[in-house]
Amino acid sequence: MMALRRALHFVFKVGDRTKTATFYRDVLGMKILRHEEFEEGCKATCNGPYDGKWSKTMVGYGPEDDHFVAELTYNYGVGEYRLGNDFLGLTLQSSQAVSNAKRLGWPLTEVGEALYLTEAPGGYRFYLLDKEQPERDPVQKVSLAVSDLQRSVHYWSSLLGMKVMEKSEEKKSVLMGFSDSQCKLELQDIGAAVDHGTAFGRIAFSCPREQLPGIEALMKKETQKILTPLVSLDTPGKATVEVVILADPDGHEICFVGDEAFRQLSAVDPNGNDLLDKAIAADKSDEWFAKHNKQKASA
């Protein structure tokens, strides 16, 4: 049953789409998988607690069917978000990304053997393993901070069904996943409260649609937090997906989405790249703020 669950994406809030697109496309070497513009906030708060115009851009090394990707949400009029200590980094294997960063003068810090730390605009950490990019997905793991490792492992393994794959006493961390071939989740005990700032992200997984009511019922029974009870999300002209959104004991947001409809919704749009470029070109908000001598809002 649990083997049918899979890791999909992590949601990042971005304040500067131009710089962000440069990072994902030119430094990491990812592709724009699809881009959508919305006039009002999302029913499942994908774009955070904002109800205005926003956009969503999916970027990755390949389709979401078999790659872990990033969802970049941009709220028009919000220029920056406050980082918390909740997101510790995303690790990927690509010597190409390392050489791209060096060529473009994107800051890199060597933090281990063949391991570099770099930051996406907004301060999100990315760890680049300087080894040949694998045929399968180069994205290896997402690392999140927790305040009580035992409690978190119980939540993610006993309640959500993830397997524990590695434990490190020294790092106070655990590596977990639904299967070996997918992007893993690393939980690291920071021995302090987890602060999500305003930049807080969200990790998404899919499961067979029929498992969604059971996930919701289990969380109710275990008195765990449900942020969005089972809801249908409509995207005009695309598949309607059902989601349930949870929060783990440290408040990390977790979205479970019905797999069958999501596979249709997440199909790669060959026009994604152009749509993003057009949206960036059409977004005159930076000029407007500059002309009126104002600062974009900081969330």
Side-chain angles (χ1 to χ4, degrees), residues 7 9-32 57 59-62 67-72 80-147 149 165-177 180-192 194-197 199-201 203 252:
H9 58 255
F10 194 85
V11 182
F12 296 99
K13 293 189 188 68
V14 305
D16 184 329
R17 282 192 298 194
T18 308
K19 281 185 187 150
T20 298
T22 299
F23 177 74
Y24 285 93
R25 284 196 287 215
D26 304 344
V27 179
L28 298 185
M30 287 184 175
K31 299 180 188 76
I32 306 295
T57 311
V59 292
Y61 287 107
H67 290 75
F68 188 83
V69 310
E71 176 176 319
L72 311 174
E80 60 178 342
Y81 299 89
R82 184 176 69 78
L83 277 180
N85 60 6
D86 53 342
F87 177 76
L88 299 178
L90 188 146
T91 302
L92 57 92
Q93 179 177 321
S94 171
S95 50
Q96 187 59 55
V98 174
S99 61
N100 291 346
K102 288 176 177 169
R103 190 183 76 246
L104 296 166
W106 201 277
L108 281 179
T109 311
E110 196 161 358
V111 290
E113 195 185 334
L115 185 65
Y116 292 88
L117 168 62
T118 190
E119 284 183 5
Y124 305 109
R125 287 183 198 164
F126 281 71
Y127 290 92
L128 311 181
L129 198 55
D130 195 2
K131 290 182 181 169
E132 194 177 342
Q133 201 169 298
E135 286 291 308
R136 50 182 180 74
D137 189 10
V139 180
Q140 296 186 336
K141 64 180 179 184
V142 171
S143 305
L144 300 179
V146 299
S147 58
L149 192 57
M165 292 166 173
E166 282 172 32
K167 279 184 179 172
S168 162
E169 294 295 328
E170 174 200 10
K171 270 177 68 186
K172 285 199 178 156
S173 69
V174 167
L175 192 69
M176 312 177 80
D180 291 332
S181 59
Q182 299 180 13
C183 174
K184 313 293 186 299
L185 175 68
E186 181 178 53
L187 301 176
Q188 192 170 349
D189 196 323
I190 57 169
V194 174
D195 167 21
H196 295 274
F200 64 91
I203 191 164
H252 289 290

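Residues take their numbers from the sequence shown, with the count starting at 1.
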Kindly determine whether M165 and D180 satisfy side-chain contact (heavy atoms from CB on, under 4.5 Å), including the steps that lead there. CA-CA 9 Å; M165 292 166 173; D180 291 332; 3.3 Å; yes

[atom1] of [X] to [atom2] of [Y]: how many Å apart, nearest 0.5 Å?
| X | Y | atom1 | atom2 | answer |
| --- | --- | --- | --- | --- |
| D86 | L144 | CG | CG | 7.5 Å |
| T91 | L117 | OG1 | CG | 9.5 Å |
| L175 | L187 | CG | CG | 9.0 Å |
| M176 | K167 | CE | NZ | 9.0 Å |
| S99 | L108 | OG | CG | 10.0 Å |
| L115 | D130 | CG | CG | 9.5 Å |

Donor-acceptor check, side chain of [X] to backbone of [Y], threshold 3.5 angstrom: yes or no?
| X | Y | result |
| --- | --- | --- |
| W106 | A120 | no |
| Y124 | K13 | yes |
| Q182 | A7 | yes |
| E80 | G122 | no |
| N85 | D195 | yes |

Within a reach of under 6.0 Å around CZ of R82, are more than 12 heavy atoms found that belong to other residues, nucleotides or ligands? yes

Please check if atom CD in E110 has more than 12 non-hydrogen atoms from other residues, nucleotides or ligands closer than 6.0 Å.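 Buried by this count: over 12 neighbours within 6.0 Å.
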
Would you say the side chain of [Y] lies within less than 4.5 Å of the side chain of [X], judging by non-hydrogen atoms?
| X | Y | answer |
| --- | --- | --- |
| K171 | E186 | yes |
| Y127 | L90 | no |
| Y24 | L72 | yes |
| F200 | Y81 | no |
| F23 | T118 | yes |
| I32 | R25 | yes |
| I203 | H252 | no |
| V27 | F126 | no |

Which heavy atom of [X] sits nearest to which heavy atom of [Y], and what is that distance?
| X | Y | value |
| --- | --- | --- |
| D189 | L149 | OD2-N, 3.0 Å |
| V142 | F87 | CG1-CE1, 4.0 Å |
| A97 | S94 | N-OG, 3.0 Å |
| S147 | A192 | CB-O, 3.1 Å |

Thinking salt bridges, do D26 and R103 make one under a 4.0 Å N-O criterion?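 So D26 does not pair with R103 through a salt bridge.
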
Side chains of S173 and Q188: donor-acceptor distance under 3.5 Å anywhere?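 Absent: no donor and acceptor within the cut-off.
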
My understanding is that only one of Q133, E132, K131, Q140 makes a side chain to side chain donor-acceptor pair (under 3.5 Å) with Q93; could you say which?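 So, applying the side chain to side chain donor-acceptor pair (under 3.5 Å) to Q93 and each of Q133, E132, K131, Q140, only Q140 qualifies.
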
Check the pair H67 / V139 against side-chain contact (heavy atoms from CB on, under 4.5 Å), numbers first and verdict last. CA-CA 8 Å; H67 290 75; V139 180; over 6 Å; no

As a quick check of understanding, evaluate side-chain contact (heavy atoms from CB on, under 4.5 Å) for F68 and L92, giving each step before the final call. CA-CA 10 Å; F68 188 83; L92 57 92; over 6 Å; no

Mind running side-chain contact (heavy atoms from CB on, under 4.5 Å) on V11 and H9 for me, showing each step along the way? CA-CA 7 Å; V11 182; H9 58 255; 3.9 Å; yes

